[in-house]
Amino acid sequence: MQQRGMTRELMCMRAGQELLDKGYTYVNLGIGIPTLLPEFVPQEAEIMFHGENGVLGLGRVVEESEWDFDLSNASGEPVTTVPGVSYFDSSLAFAMLRGSHVEASVVGAYEVSEKGDLANWQGPGIRTGSPGGSLDIAVGVKHVIAIMMHTTDEGKPRIVKQCSLAITAKGVISTIITNLAVMDVTSQGLILREVAQGITAGEVQVVTEPKLIVSEQLKEIAL
Amino acid sequence: MQQRGMTRELMCMRAGQELLDKGYTYVNLGIGIPTLLPEFVPQEAEIMFHGENGVLGLGRVVEESEWDFDLSNASGEPVTTVPGVSYFDSSLAFAMLRGSHVEASVVGAYEVSEKGDLANWQGPGIRTGSPGGSLDIAVGVKHVIAIMMHTTDEGKPRIVKQCSLAITAKGVISTIITNLAVMDVTSQGLILREVAQGITAGEVQVVTEPKLIVSEQLKEIAL
Amino acid sequence: MINKIYSSIDEASYDIHDGSSVMIGGFGGIGSPHNLVQAMSGKARELTLICGSIGAIMALKDVSCIKRLISGYVSTLLAVKEEWARMAKMIDEGEIGVELVPFGNFVERIRTGGSGIPAFYTPVGAATIFGKDKETRIFEGRECFLERALRADFALIRAHKADRMGNLAYRKTARNYNPIMAMAADVTIVQADEIVEVGELEPDCTHTPGIFVDRVVHVEPALTKFARVRKRT
Amino acid sequence: MINKIYSSIDEASYDIHDGSSVMIGGFGGIGSPHNLVQAMSGKARELTLICGSIGAIMALKDVSCIKRLISGYVSTLLAVKEEWARMAKMIDEGEIGVELVPFGNFVERIRTGGSGIPAFYTPVGAATIFGKDKETRIFEGRECFLERALRADFALIRAHKADRMGNLAYRKTARNYNPIMAMAADVTIVQADEIVEVGELEPDCTHTPGIFVDRVVHVEPALTKFARVRKRT
């Protein structure tokens with residue numbers, strides 16, 4: 001099924017705005033879609049992107065033909081770096097996350113619950129899994145933003161009352177950015193803050209399991 | 001009281017021989033007398049001396065006038081370094097000791113018991129103390145050699161049945177080198193292996209609290 | 001004279017034997033000692049392999065030598081390589097036992113293993129299956145559980161530059177788990193892109209001091225350029 | 001633009017207040033931020049100072065600002081400086097409380113404090129007064145005890161080179177506790193010998209990435225050359 005709303009690139013662009021709005025300097029990018037993000041944030045903003053593979057100062061993804069085989073982002077993709085970049089071992093890379101030095105993280109997710117529970121290490125029907133650094137991020141980083149498709153390819157909600165998949169951590173997601181909407185996790189419940197161009201609050205609710213609280217300031221995502 | 005037997009320099013020379021005989025490559029030098037030792041080992045032997053202050057490849061002590069203020073041994077003295085030297089932080093410096101990567105250590109001591117108990121972090125009548133890295137060495141390093149004056153300035157034995165001072169660790173000293181003798185700590189007791197020039201086994205026993213087992217191969221220290 | 005240089009991979013890894021536990025450096029294959037891994041195939045069986053992700057062992061020709069895998073990233077990669085369909089099957093059938101460990105706990109277990117620290121408490125994975133059946137304890141209101149140090153018989157790692165004393169320097173993100181694993185094995189074997197004279201490595205930038213290294217073998221860097229393991233899905 | 005450079009020591013350390021806990025880098029005074037320490041005297045009292053040895057605080061003009069000392073090396077140095085007779089007296093009279101910690105446990109407590117690890121077991125000091133009244137436990141036949149992570153309000157450290165982003169490089173044995181303490185304080189203040197442009201520090205040899213650093217102040221290296229603290233006795 002063709003998904004409506006924003007592309008991955010637009011979702012990354014919207015996530016970039018969120019980082020700029022909050023004024024963050026040190027932001028981790030989880031494995032998957034988030035590693036595309038540096039392309040969509042002006043370099044003058046000097047957000048230092050952290051890769052759990054041991055780098056602070058990630059730039060944009062480049063062509064494989066330009067690849068320096070000793071350099072990648074956490075997704076294993078060839079990248080550039082920004083001035084002031086530093087490299088370090090995995091012990092320090094995870095100390096930065098677990099020790100709450102990184103201010104924010106943008107992660108991919110299979111499911112997020114209305115309480116902010118995150119499931120992103122074990123896909124459906126998988127016997128093993130790929131926790132990677134996702135649990136370190138979830139536990140150590142204060143502001144964790146999930147960037148995800150609003151539904152499965154089959155149209156099943158991925159923003160749910162309770163995660164059906166094994167969770168990464170409880171109550172850690174503060175902000176959800178999907179192809180359809182931007183939502184905040186609050187003690188009152190999920191607040192629908194923004195909708196993608198041409199998408200209505202009602203349409204978002206239909207593909208969302210928990211009841212959404214529509215913000216009085218609801219607006220269309222402007223990029 | 002003028003102490004008989006070997007000077008500190010000769011004791012270090014004898015300790016250096018011990019290291020060469022055993023074929024050690026990685027040897028820690030504790031704070032105090034031991035940091036004089038590199039001068040007395042040929043550089044070709046390539047013993048890499050470890051300083052708990054974060055250096056592997058210590059050389060000899062130099063004049064203060066030649067001092068690079070960013071470089072010292074664990075005693076805080078100006079030193080040279082050898083080819084292949086590396087510097088690291090304190091976390092790694094102590095991981096090398098606690099993790100048993102360093103093969104041997106030469107330490108100073110206030111007292112050593114016949115069972116190899118070591119007391120070297122708290123002098124007599126002291127309220128606080130200076131454990132420094134002495135406990136890390138004692139716990140992590142397999143062959144710990146004590147280098148010490150055989151008696152106090154007042155002539156009181158420092159090789160004792162039981163330590164009167166607070167101990168650093170139990171049963172950790174394997175070899176004792178004093179101004180008067182070389183002794184091995186064994187399950188049978190202290191074996192007197194060598195005596196300093198002009199010193200008899202009987203003279204050593206007089207200033208030693210536990211009963212010494214005189215080795216059948218007892219010989220004079222040859223430097 | 002200290003000389004840890006071996007003239008061939010076979011000589012440097014001659015004693016990896018059936019039942020060995022082997023740590024392998026690299027993150028998603030970047031910085032992995034692919035040639036050492038390749039040579040291990042067929043030489044020893046019943047191996048316990050300890051690696052961040054299975055990208056580190058993509059050069060393994062025959063996965064049936066694996067008995068047990070301690071790793072933080074497995075499932076997502078199983079579809080990437082054809083040979084790994086077999087690994088997936090062996091995992092499903094229980095022929096390969098998998099202990100999944102989140103990366104941060106994984107690296108800290110190895111670091112403590114190399115540092116003489118037997119165990120530590122971690123908040124990462126508490127109240128998930130990663131903390132299941134482990135001793136839990138609250139520290140400052142936060143649930144944690146006890147993790148144990150991890151060591152291995154061998155560590156296979158890759159460095160950019162090495163000297164005969166075993167001093168190592170890594171390059172960019174190829175550093176990752178390599179310097180930590182170098183500390184935690186009885187025998188650490190290094191595949192180095194370049195051998196330099198003693199004194200050429202900057203003493204302030206020698207990432208792994210030679211004390212942690214047992215054997216070094218030179219492998220032309222061109223040979224380390226295995227295909228990228230992961231495509232964006 | 002990220003700019004962590006402060007134009008004076010006073011500005012960089014304006015908020016160290018009565019009752020603060022302060023980590024101070026350096027080993028026997030080598031690599032210590034002597035000028036930051038000097039400036040702290042008289043500005044705040046009732047301080048908890050956390051330093052490897054008291055050599056790190058030899059620039060402190062008035063020791064009466066110390067309420068508590070967490071350190072691994074105290075007694076041997078008390079006779080070295082005249083002013084320290086007063087410190088010795090305050091310690092003896094209980095006016096300064098001293099928590100002695102062996103160096104390896106000391107640095108590991110700080111490292112875990114900066115790494116989100118709340119506690120760990122150590123064999124160092126077991127069956128001595130350092131393990132007294134602590135939770136003991138046997139791991140692989142070896143007695144260990146539980147040590148807790150250590151953090152502070154401020155860390156004062158010295159680096160050789162720094163850039164405006166807070167990236168740091170140290171020189172020779174002046175590195176020691178500095179990069180570890182940089183991780184474990186709410187506010188890390190750096191005294192740097194030299195300020196360099198962003199990009200001048202080698203990314204593979206940036207010992208402390210800027211993420212751990214809050215403020216940087218340039219101090220001419222000549223001023224860091226305090227007298228050597230220890231004479232061979």
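For the numbers below, each heavy atom of this structure counts, side chains included, while hydrogens, waters and symmetry mates do not. Letters A, B, ... mirror the listed sequences (proteins, then strands); counts begin at 1.
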May I have a list of the donor-acceptor pairs under 3.5 Å that connect chain D with chain A?
from, atom 1, to, atom 2, distance (Å)
D/I2, N, A/E46, OE1, 2.8
D/K4, NZ, A/Y26, OH, 2.7
D/R111, NH2, A/S91, OG, 2.8
D/G114, O, A/H101, NE2, 2.7
D/S115, O, A/R98, NH1, 2.7
D/R164, NH1, A/E46, OE1, 2.9
D/R164, NH1, A/E46, OE2, 3.4
D/R164, NH2, A/E46, OE2, 2.8
D/N167, ND2, A/G84, O, 3.2
D/M183, O, A/H101, NE2, 3.4
D/P203, O, A/Y87, N, 3.0
D/G210, O, A/Y26, OH, 3.4

Kindly give the heavy-atom pair with the smallest separation between A/L92 and D/P209, and that separation in Å.
CD2-CD, 4.1 Å
Could you tell me which residues satisfy salt bridge (Lys or Arg N to Asp or Glu O under 4.0 Å) with D/R68, sequence neighbours excluded, listed by chain and number?
D/E99
Which atoms of A/V102 come close to chain D, meaning under 4.5 Å heavy atom to heavy atom: side chain ones, backbone ones, both, or neither?
both
Which atoms form the tightest heavy-atom contact between A/A95 and D/M183, and what is the distance?
CB-CE, 3.7 Å
Check whether any side-chain heavy atom of D/I211 lies under 4.5 Å from a side-chain heavy atom of A/M96, and answer yes or no.
yes
Proximal component of D/I2, with respect to chain A [non-hydrogen, under 4.5 Å]
both
What residues, two or more places apart in sequence or in another chain, satisfy side chain to side chain donor-acceptor pair (under 3.5 Å) together with D/S71?
none
Ring pair (Phe, Tyr, Trp, His ring centres under 6.0 Å) with D/Y121: which residues, sequence neighbours excluded?
D/F139
Largest heavy-atom contact set with chain A, pairs under 4.5 Å, which of D/G114, D/A184, D/G166:
D/G114
